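Each remark here refers to the structure printed beneath this line.
Here the structure is a predicted model, which is why all the values come from computation and not from measurement. Excluded from the calculations below are hydrogen atoms, water molecules and symmetry mates; all remaining heavy atoms, backbone and side chain alike, are included.
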Amino acid sequence: MNAYAPILVLGALGAGFAIFSVVMATLIGPKRYNRAKLEAYECGIEPTPQPAGGGRFPIKYYLTAMLFIIFDIEIVFLYPWAVTFDALGIFGLVEMLLFVLTVFVAYAYVWRRGGLEWD
């Protein structure tokens, strides 16, 4: 248990700071509410009323989120590779080049299909 004590203490400090910040912001912060602050905010787009049963939501939001997840996963694989680069040798270099090439092909496909253009 002693090995995990610093992690638990750091987690408790982080949670305590987050709770303290939220509570102090509500107590000390200005309370000047107006109509603009109370409206829903949708990425700078004026919100439109939705039908009672829900409306169609653009798929572009989800595609953009999936693109970010793909590139985040790529970064997760690049960090350990960079740490053990010397131990892997030429094999590690070739494997990572193939991995990056695969991700780049997906990126080029999305780019050609217009997935990165925001209308």
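Applying the salt bridge (Lys or Arg N to Asp or Glu O under 4.0 Å) test to every pair with at least one member in residues 25-36, sequence neighbours left out, gives these pairs: R35-E39.
The distance from atom CG of L8 to atom CG of L13, rounded to the nearest 0.5 Å, is 11.0 Å. Atom OG1 of T102 sits about 6.5 Å away from atom CG of L98, to the nearest 0.5 Å.
Looking at residues two or more places apart in sequence or on another chain, you find a side chain to side chain contact (heavy atoms under 4.5 Å, CB included) between I75 and L78, Y79. In this view, R113 satisfies the salt bridge (charged side-chain N to carboxylate O under 4.0 Å, His left out) rule with no residue, not counting sequence neighbours.
A 6.0 Å sphere centred on CZ of F71 holds more than 12 heavy atoms belonging to other residues, nucleotides or ligands. No more than 12 heavy atoms of other residues, nucleotides or ligands sit less than 6.0 Å from atom CZ of F104.
Both L27 and I19 are assigned to one and the same hydrophobic cluster, defined by single-linkage of ILVMFWY side chains at heavy-atom distances under 4.5 Å. With hydrophobic clusters built from ILVMFWY side chains whose heavy atoms lie under 4.5 angstrom apart, V105 does not share a cluster with V103. The hydrophobic clustering, which links ILVMFWY residues whose side-chain heavy atoms are closer than 4.5 Å, places M96 and I70 apart. Linking Ile, Leu, Val, Met, Phe, Trp and Tyr residues whenever their side-chain heavy atoms come within less than 4.5 Å leaves I73 and F68 in two separate clusters. Taken together through direct or relayed side-chain contacts under 4.5 Å among Ile, Leu, Val, Met, Phe, Trp and Tyr, W111 and I69 form part of one hydrophobic cluster.
Within the 4.5 Å cutoff, side-chain heavy atoms of V100 are placed close to those of E74. Using a 4.5 Å heavy-atom threshold, the side chains of L67 and Y107 count as separate.
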Next on the checklist: Would F85 and W81 count as a ring pair (Phe, Tyr, Trp, His ring centres under 6.0 Å) here? Give the steps.
Outcome noted: CA-CA 6 Å; F85 177 70; W81 173 78; 5.2 Å; yes

